[in-house]
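Heads up, the thing below is written out as structure tokens.
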Amino acid sequence: MKIGFIGLGIMGKPMAKNLLKAGYELIVNDLNQDAVSELVNYGASSLPTARDVSGACDVILTMLPNSPHVKQAVLGEGGVIEGAKAGSILVDMSSISPIVSREISQALSEKQVIMLDAPVSGGEPKAIDGTLAIMVGGPEDAFAKVEDILKVMGKSVTLVGEIGSGNIAKLANQIMVASNLAGMAEALVLATKANVDPEKVFRAVRVGLAGSTVLDAKAPLVLDRNFNPGFRIDLHIKDLQNALDTAQSLDSPVPISTSVIEMMKSLSSQGKGSNDHGGLVQWYEQMAKIEVRSK
Ligand code: NAD
């Protein structure tokens, strides 16, 4: 089966490489020709437009930054919709607004093209290992057709519900990660203010109820003052903005997301948008005029 892969960035590149390693025939496309060349050297072929890719493939995967990029690549001039055959399946693995996923799916359905939204969690290391968590929205029969492809890239592949549900799950994920990060930062700054070693506080609580994957992954980096990404603050702002827009359309309360996005935007405006999102602690540190680090 020929698979199209559009969007070869931090995440898309290793995901595409894993599909090649698994023996799939891949046709790739990206605005960045260096990324395309890297994949061609790895065994993929390439075509110049998303329209050409969709015309040559039964399954097309997209891994693009945000809603406008997916709209452009799928519905824009030279986009997927212009080449796609009836019955082909578009799997959008980008983290975008679920409202936009539904809009794009609606437009594609007029050409009998089926769409799944399948955003991922896990970041570059898990994209490289092929152990992402993939959350999927869309029709069950289309999901069954692409499940084996998704399992090459993910350790867990879950059909959550109808189209848009994958991105709702991803927003839920990002809200929980944001609130965990803020709770961790608030707590470690408080401990530091109290002149208690924040590293010992981390070790004391990590196996209790406050322990979490976020705490284990991010507290050691904060204590080492290592804010290299990882997952950039600017990307988390994008996801929380999608959460706020979606919440507004549903009349659902999001006070925690509203607070954390303000903290992240304040750091971004200071030039820290490319810091890892664990760098959120710097907002609390600025307020408290203190720095969290191991003693
Ligand atoms: P990225 O910016 O590194 O890559 C995006 C790629 O899309 C770039 O290579 C760009 O040239 C290409 N592109 C943009 N518009 C295009 C178009 N119209 N046609 C063809 N190519 C186009 O982004 P990324 O970090 O790989 O993230 C992709 C998605 O995955 C985002 O939605 C992000 O939120 C999500 N995500 C990222 C991470 C992470 O840790 N980076 C983790 C989980 C989910």
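Whatever order the structure lists them in is the order used to number ligands and atoms, beginning at 1.
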Report yes or no: do Met176 and Met135 belong to one cluster of Ile/Leu/Val/Met/Phe/Trp/Tyr joined by side chain heavy-atom distances under 4.5 Å?
no

Would Leu31 count as a contact residue for ligand 1, given that I'm defining contact as a non-hydrogen atom of the residue lying under 4.0 Å from a ligand atom?
yes

Taking all non-hydrogen atoms of both residues, which atom of Ile81 and which atom of Lys111 are closest, and how far apart?
O-NZ, 2.7 Å

Leu223 CG: over 12 foreign heavy atoms closer than 6.0 Å
yes

Could you give me the CA-CA distance, side-chain angles and deciding distance for Asn167 and Asp92, then say whether side chain to side chain donor-acceptor pair (under 3.5 Å) is met?
CA-CA 10 Å; Asn167 272 305; Asp92 178 36; 5.0 Å; no

Taking 4.0 Å as the limit for heavy-atom contacts, which would you say applies to Lys71 with ligand 1: side chain only, backbone only, both, or neither?
neither

Describe, in one word, how the ring planes of Phe231 and His277 are oriented to each other, choosing from parallel (under 30°), tilted (30 to 60°) and perpendicular (over 60°).
tilted

Of Val53, Asn173, Leu64, the residue with the heavy atom nearest atom 28 (C) of ligand 1 is Leu64

Could an N or O of ligand 1 be found under 3.5 Å from any N or O of His69, whether backbone or side chain?
no

of all protein heavy atoms, closest to atom 27 (O) of ligand 1 is Met11 CG, 4.0 Å

I'd like to check which ligand 1 atoms, numbered from 1 as shown, lie under 4.0 Å from a non-hydrogen atom of Asn29.
20 (C)

Near Lys71 NZ, under 6.0 Å, is it more than 12 heavy atoms from other residues, nucleotides or ligands?
no

Give the residue, atom name and distance (to 0.1 Å) of the protein heavy atom nearest atom 34 (O) of ligand 1.
Lys238 NZ, 2.7 Å

Ignoring angles and geometry beyond distance, decide whether Met93 reaches within less than 3.5 Å of ligand 1 through its nitrogen or oxygen atoms.
no

Do any N or O atoms from the side chain of Asn29 and from the backbone of Ile6 form a donor-acceptor pair under 3.5 angstrom?
no

Specify the protein heavy atom at minimum distance from atom 35 (C) of ligand 1: its residue, its atom name, and the distance to 0.1 Å.
Ser95 OG, 3.6 Å

State the atoms of ligand 1, each with its element, that fall below the 4.0 Å cut-off from a heavy-atom position in Gly123.
40 (O), 42 (C)

Show which atoms of ligand 1 fall inside a sub-4.0 Å distance from at least one heavy-atom site of Lys170.
43 (C), 44 (C)

Is there a polar contact between ligand 1 and Ile10, counting only N or O atoms under 3.5 Å apart?
yes

From the list Thr62, Leu31, Ile96, Leu64, side chain to side chain contact (heavy atoms under 4.5 Å, CB included) partner of His69 resolves to Leu64

Heavy atom of the protein closest to atom 30 (O) of ligand 1 (residue, atom name, distance)
Met63 CE, 3.1 Å

Atom 4 (O) of ligand 1: closest protein heavy atom, distance to 0.1 Å, is Gly9 CA, 3.2 Å

Residue, atom name and distance, where the atom is the protein heavy atom closest to atom 2 (O) of ligand 1
Pro65 CG, 4.1 Å

Identity and distance of the protein heavy atom lying nearest atom 11 (O) of ligand 1
Asp30 OD1, 2.6 Å

Should we say atom NZ of Lys2 is surrounded by more than 12 heavy atoms from elsewhere, each under 6.0 Å from it?
no

Give the atoms of ligand 1, by number and element, whose distance to some non-hydrogen atom of Ile6 is under 4.0 Å.
20 (C)

Between Lys17 and Glu38, does any side-chain N to carboxylate O distance fall below 4.0 Å?
yes

List the closest protein heavy-atom neighbour of atom 18 (N) of ligand 1: residue, atom name, distance to the nearest 0.1 Å.
Ala73 CB, 3.9 Å

Does some non-hydrogen atom of the protein lie less than 4.0 angstrom from atom 32 (O) of ligand 1?
yes

Ignoring hydrogens, what is the shortest heavy-atom contact between Asp245 and Ile99? Give both atom names and the distance.
O-CD1, 4.4 Å

Does any N or O atom in Asn66 lie less than 3.5 angstrom from one in ligand 1, N or O only?
no

Could you tell me if the side chain of Met15 sits less than 4.5 Å from the side chain of Leu132, heavy atoms only?
yes

